[in-house]
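Report on the following structure.
Both counts, for ligands and for their atoms, begin at 1 and track the order of listing. The first residue of the sequence shown is numbered 1, and numbering continues consecutively from there. Note that this is a predicted model, so its numbers are computed, not measured.
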Amino acid sequence: MATNPQTQTANAPAGTLASVSAREPTPDELAWTGDPLEAPITIEGVPPVDELLATMRSYLPDADQEIVRRAYAFAARSHDGQVRKSGEAYFGHPVDVAFLLTRLRLDSASICAGLLHDVVEDTTVSVEEISKRFSREIAEIVDGVTKLDKIKFSSREQKQAENFRKMLVAMSKDIRVLLIKLADRLHNMRTLEHMKPDAQRRIAQETLEIYAPLANRLGVGWMKSQLEDLCFRHLYTDDFEKLNTEVGRRQSERQAYVAEVVDILRNIMLEEGLQHASVYGRPKHLYGIWRKMQQSKLPYDQIYDAQGFRILVDDVRECYQALGAIHTHFKPIPGRFKDYIALPKPNRYQSLHTSVIGPGAERIEVQIRTAQMHRQAEEGVAAHWKYKERGDSLKVRDEERFAWLKQLLEVHVGVKDTDEFLDSMKIDLFSDEVYTFTPRGDLKVLPRGSTPVDFAYAVHSAIGDHIVGARVDGHMVTLRHQLRNGAIVEILTRTDAHPSSDWLEFVVTSRAKTRIRNYVHAEQRERALLVGADLLEKAFRRVKYSVVRAQAHERFPKMLAHFRIAVWDELVVAVGYGKVDAADVVENLLPESKVEETKVEAKPSKRVRKSTPAGGPAISVSGFDDVLVRMGNCCAPVPGEPIVGVVTRGRGITVHRRGCHFVLDADPMRRLDCEWNSDSKSGTTVAVRVYSENETGLLAAMSARFTEAGLSILTANCRVIDGHRAINDFEVVVQNLAQLQGILASLGRIRGVTRVERVRA
Ligand code: MN
C-alpha cells in the first residue's frame, strides 16, 4: 500500500476544519473529488490523530499507523460539515469510537473501520471506495457495521430480543463488527441526552435488552457495566439519581474503611509471600447494586457488598493461596464462595469470588484473579482475537472467526448457567437458518436456501402472490436467488402478477409451497372449467344439442350419477382435465344420438401410448391421480424430463416435453402442470441416432452397449453415407431420463462414434 509518511504544516482552511498537518496526496486521493485537496486535519474538540496513534502504539508497536492516519483524514473530510445533535462536529463520534476500540486493544484494521464506520451510511462514499482506498478487510468490516445499523429493533418481546441477539451474532461474520457496533452504541449512549426523550427511552431500552447482554456474552466487562449504568440513568432516572447520590455520600464516608481493608488485605498477601499481589477497592456499578436492591427488596444501606475488593496475583496457584489466607483471617459467609476459575462463566470469565465478615464485622466481597483473567474479564472476546500487523494480510477463516464462540460453547457443556442465549447461539452457529430483513428492518428468520419468493410469502401471502422480482442489498436478483444472512430484501410486486408452478422447484418454506400449489390448482381448475365447457359445448353441438338443454334433460341427474359426480361444474372440470370424455357425456345423456364423428377424432394415433400400464399411472396431473394421459408422439418425453400436459379436444391430456413446439403452439389455457410418478415402472420409446465411421464391428459394439444398459432394441436402421460414414437409428424403451442419458454417454464413448443424439419426431 503506497503511503507517504511525510508530514508538513499547512494553513488552516476556512470552515470547520482547523488543519495543522498535511502530506503529499496520493494520485488516488487527488482523483477523489476534484476539489482542491483539503489538508488532514484536526477538528476543534476532536482528539488529533497523533493521540489516537500513540494509544494504539502503546499496545501494538508494529501497527500500521499510516493507514490509520489516512482513515482519520478521509473520515474527517467525508463527515465535514455534519454536526451531531449536540452541535459538535460529527467526526468526534467516529474518533471516540476508535478510542474505545483501542481500549479493547484492537488491530489497526478495526481502528480504521471504527473511524470509517458511519462514512458509508452518512455520506456518499461507497464500500467499494473504502476497499480501494484502504483494504478489502476494512471495507468488509465497515459494510458489516453499516448493515447492523440498518436494522431496527422494534418489539419488546423477549423472543424478539433473543432472535435479535442471535441475528447480530450470525450476521457478524467478523467478530470485530460486533465490537465496533458495541463501541458505537456505547458512545451513542454517552451522548444520549441530546436526543428527544422518546428516542432516549427507545435507544436505552434496546441497549439494555440487546447490547448490554451482548457485551456480557462477549465478556467485555467494562462495556457491559457502562452500558447498563447509562441505560439505568435514562430509563429509571429518579432511582438512578437517588442511588448515585447515596453511593457517592457513602463512598466518601467509607473511604477510611475501604483504605483500612485494602491495607489489611495487602498485609495478609505480604505475610503469604505474595509481594506482587495488587489490592484495591472498587465501587460496583450502580445498575448491579440497584438490581440487587430490587431482587432482595432491601434499601441501599442494607446491601452489604456494594463495595468490592479485588486482588490481582501472578498465577492460578496464587489465587487459591490468596483465597486460603483471606478465609483464615476472616470468616467466610456460607454459600458466597464461587470458583469461576475451575468453572468459568459462559463468557469465559474467570475469578474466585468470596464474601467474608471483614473488619468491623462488615460483609465484604473479594474477587481474586490473575492479570490475564483480569484482561479476559475486561476485553472478553477481543483478548482472544489474534491479529497479524503488517506483512501477510489477515487471513481469518470461518472456523477461526467463531473459534472463540465455539470454545465458549464447548467449555460449558454440562454447566448449569449455560443460558438460553448460548443455546440459541449454538443453533445459530451450526444450524440451517438465515436471518433476513425487510427494508424497514423487520427480521425474517427463514430456512437456509430460502429465496425471495419464500421471503415474500413470509411477509404476507398477498406479497408472495404478486411478486415479480426482488432486490437484495440494493441489487436485482432472480427469484431463485438463495438469501444469505443479513440480506435486506425488497420485494417488487405487480397487481396482475401470479404465482407460477415453476417456483415449486426452488422454494423451501412450506408456507410458500402451500400457497403456490393452492393457487396453481385453483387456476388450473379454472382453466379446466373453461376447456371442459368448450369441449362439451362442441360435443353437444355435433349432435344438434346444447349444454343448456342438456342440463334440463330428464336423464341429467342419472347421467351425473353415472360419472359419480355431484354437480355439473365438477363434470365440466372433469372433462376439462380429460378425466371424462365429452363424447361419453353426450352418449350417456343422449344414447339415441349419433356420436361416431367424435369417436373418430378421439381415436389415438398408433404411437400414442396410454400411460397406465402395470405399476400405476406414470404421470399425475397437478395432484390428480386418475386422469387420462397420453404421450405426445412429437417429442416422446422420458420419465424424469420436465413435462407439460395439453388438453386435446376429445383426447384428454397429451403429455409433451417442456419446450416442445406443440406446447409452445398450444393455447395457454389448455396447458396443465404434470409430474412424473417416481414409482412408475412404465417406459418410453425413444429414438437414438448414432453417427459413426463406417467400420466393421461398430454395430456390434453399439448393440453391446444397449445390452449392458439392460435396454432392448425395438428397431435398428443402419445406413452408410458417402462411403465412409454411417448413420445408425435405434428405437429403445427407456425407464427414465437418467437411463437415457447413460446410454447416450455410453454410445458416445465408443471409438469410431462421432456423435450421438436423441431424435424427435
Ligand atoms: Mn456510529
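Across all their heavy atoms, V489 and P439 have their closest contact at O-CD, 3.2 Å.
Under the rule for a side-chain contact (heavy atoms from CB on, under 4.5 Å), the partners of T123 that lie at least two apart in sequence or sit in another chain are S78, H79, Q82, V119, V125.
Remark: the backbone N or O of G114 is paired with a side-chain donor or acceptor of H117 at under 3.5 angstrom. Remark: the backbone N or O of R105 is not paired with any side-chain donor or acceptor of T102 at under 3.5 angstrom. When atom types are taken as modelled, the side chain of D229 and the backbone of H285 share no donor-acceptor pair closer than 3.5 angstrom.
Around the Mn ion (ligand 1), the protein atoms of type N, O or S that sit closer than 2.8 Å are H93 NE2, H117 NE2, D118 OD2, D184 OD1.
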Exercise. I180 and L178: side-chain contact (heavy atoms from CB on, under 4.5 Å), yes or no, with the steps?
Worked result: CA-CA 5 Å; I180 292 171; L178 275 185; over 6 Å; no
